[in-house]
2 protein chains.
Amino acid sequence: MSKISYSIKKKEGALIKDPVSLVKSYPKMHVTADCAIFGFDENELKVLLIRSDLAIYQDLWSLLGDNIADDEDLDAAAYRILRERTGMNDVYLEQVKVFSKPDRHPGGRVLTVAYCTLLNTRHHELMIHDNEIHWHKFSSIEELAFDHKEILDSCYQWLQKRIQEHPLGFNLLPEKFSLRELQNLYEAILGIRMDRRNFRKKFASMKLLIDTGELEDDVPHRPGKLYKFNFEKYEKQKNSWTGIDF
Amino acid sequence: MSKISYSIKKKEGALIKDPVSLVKSYPKMHVTADCAIFGFDENELKVLLIRSDLAIYQDLWSLLGDNIADDEDLDAAAYRILRERTGMNDVYLEQVKVFSKPDRHPGGRVLTVAYCTLLNTRHHELMIHDNEIHWHKFSSIEELAFDHKEILDSCYQWLQKRIQEHPLGFNLLPEKFSLRELQNLYEAILGIRMDRRNFRKKFASMKLLIDTGELEDDVPHRPGKLYKFNFEKYEKQKNSWTGIDF
DNA sequence: TTCGTATCGTGTAAACTATACACCTTTGTA
DNA sequence: TACAAAGGTGTATAGTTTACACGATACGAA
């Protein structure tokens, strides 16, 4: 039984009137948020990494992370990290999992909350000025500092699962995109090939795509129509949403 | 930008040789684990709650929780809480989400990691000796101490979703159970009625039920067959598992 | 012992959904 | 002008899900 277990409080018998001194008697630990920042570019899933500044992880890369400030909500901390590093505010971001192995950080016990972040690299690339930060192909990332490879793999699995339940993929694409780009994205993330006609039918039946009336203009072949994702309509119906299924 | 942001470290230029003093400079906070402990009894979903010992939450109940010890993994902490309160070791338990609002605890900032726990009440009821702890009907829980109602609701939503992807429900049932009990469980958790024949077909097609050859012996009508869940077979195939779908 | 009640156990037809598959069109480039 | 590359579309088949009904069995009460 832990030395600081709940049962100690109960032995006092009477109700506790001073929660502040109670909480002060509890142990504290370091807490960070780490963001697995995914982008999609040249038909490949990319991850934004920073060069580790710890000597023992020399030449290794790590996820972007930071401490949680004393009065800061975790989601706010994750948004702050994104804002500081990419300059962007309107980024899709979701909490994935806490990583808590006592020895996961060489500097002592640090608990970290993993966030999965999806953004469009084109939209964001110009705002990154730190040349220690780069986009890496997800498929060629082999080793990272700390337990960040494990965290990244968890976030990728989370993404694979989540993208089949909700249309998150649009956060990785430009505002206007062709159906081919959309299909390439799904194929890259899920690691499977799909039938083009069936893929189009599936998205057509969701009725969440808006035909912009525009065409691609930078392809060396017949250009496809450009669509926008109907975020508003999706927001309205997502409570009764049951999944996409590929 | 946060006062304790990552970028401060980078200004030093050279690589950091002493991660321990680096980490010591970070802020610390209190961290707990709270368990939403679900049971199933009399065709109802139940939750194990403890009477709050804080005066400001007098007459309110709360989830079972405790601090994380300095050298303790989060999952280990959740198991410890379960072991201390129910006496059980072999309980199904999964991390759900971190709750981090700065003002969620009246005694100061306490970050908590929510765990969803499933157990069979019959198997465990005798081992609970603390009379401040009771099973409550999930459907009649209206207010809890702290933000525990919000946490419980998140865990319930997690359970509803998860039980449609993986056969977790068996953790809430006795070792041997009838198909009617199994269906009652799913109907209670999902809040829907199902066709008995289709429900049976679905589970039959999974081939994860073992016919014990025994019959119910405490029902005032024709007894049903008793089955066991084939945990071993499920463990082997769960990596390639794609879902149940009700 | 018999009857009423509650549940058990089972199969099939219809509706729906997912899959496999091919051809002509459009654009750009050589 | 013809070749290369992808766009855009429809249909038939297989597979899955749903809706639905009846005889059998056990218990309890009269």
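Residue numbers begin at 1 in each chain, while the letters A, B, ... track the order of the sequences. What you see below is based on every heavy atom in this structure, not just the backbone, and it leaves out hydrogens, waters and symmetry mates.
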Show, in sequence, the C-alpha distance, side-chain angles and deciding distance for B/Lys228 and B/Glu175, and conclude whether the side-chain contact (heavy atoms from CB on, under 4.5 Å) test is met. CA-CA 6 Å; B/Lys228 288 202 284 190; B/Glu175 190 192 359; 3.5 Å; yes
Reading DNA chain C 5' to 3', which nucleotide is the first, and which the last, to come under 4.0 Å of any heavy atom in chain B?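 For DNA chain C, the relevant span reads C/dA6 to C/dT12.
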For [Y], is there an ion pair with [X] - N to carboxylate O distance below 4.0 angstrom?
| X | Y | answer |
| --- | --- | --- |
| A/Asp147 | A/Lys101 | no |
| A/Glu150 | A/Arg104 | no |
| A/Lys236 | A/Glu232 | no |

Residues of residues 203-222 of chain B with any non-hydrogen atom less than 4.0 angstrom from an atom of DNA chain C: list those, numerically ordered, please.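 Here the set is B/His221, B/Arg222.
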Using a heavy-atom distance cut-off of less than 4.0 Å, which residues of residues 180-201 of chain A contact DNA chain D?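 Per residue number, the list reads A/Arg180, A/Arg196, A/Arg197, A/Arg200, A/Lys201.
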Non-hydrogen atoms of A/Cys35 and A/Leu82 that approach each other most closely: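 Between these two residues, the closest heavy atoms are SG-CD2, 3.5 Å.
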Quick check: closest heavy atoms across B/Ile81 and B/Ala33, and the distance to 0.1 Å?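 Where B/Ile81 meets B/Ala33 most closely, the heavy atoms are CD1-O, 3.5 Å.
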Determine, step by step, whether A/Leu48 and A/Thr117 satisfy the side-chain contact (heavy atoms from CB on, under 4.5 Å) criterion, reporting the C-alpha distance in whole Å, the side-chain angles of both residues, the deciding distance to 0.1 Å, and the verdict. CA-CA 10 Å; A/Leu48 197 63; A/Thr117 308; over 6 Å; no
Within the structure provided, determine whether B/Arg85 and B/Ile50 are in side-chain contact (heavy-atom separation under 4.5 Å).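 In contact.
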Side-chain contact test, heavy atoms from C-beta onward, threshold under 4.5 Å: evaluate it for A/Phe146 versus A/Thr32 and give yes or no.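 A side-chain contact is absent here, since even the closest heavy-atom pair is not under 4.5 Å.
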Aromatic B/Phe99 / basic B/Lys97 pairing, under 6.0 angstrom, 45° off normal: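 Positive - B/Lys97 is close enough to the ring of B/Phe99 and near enough to its axis.
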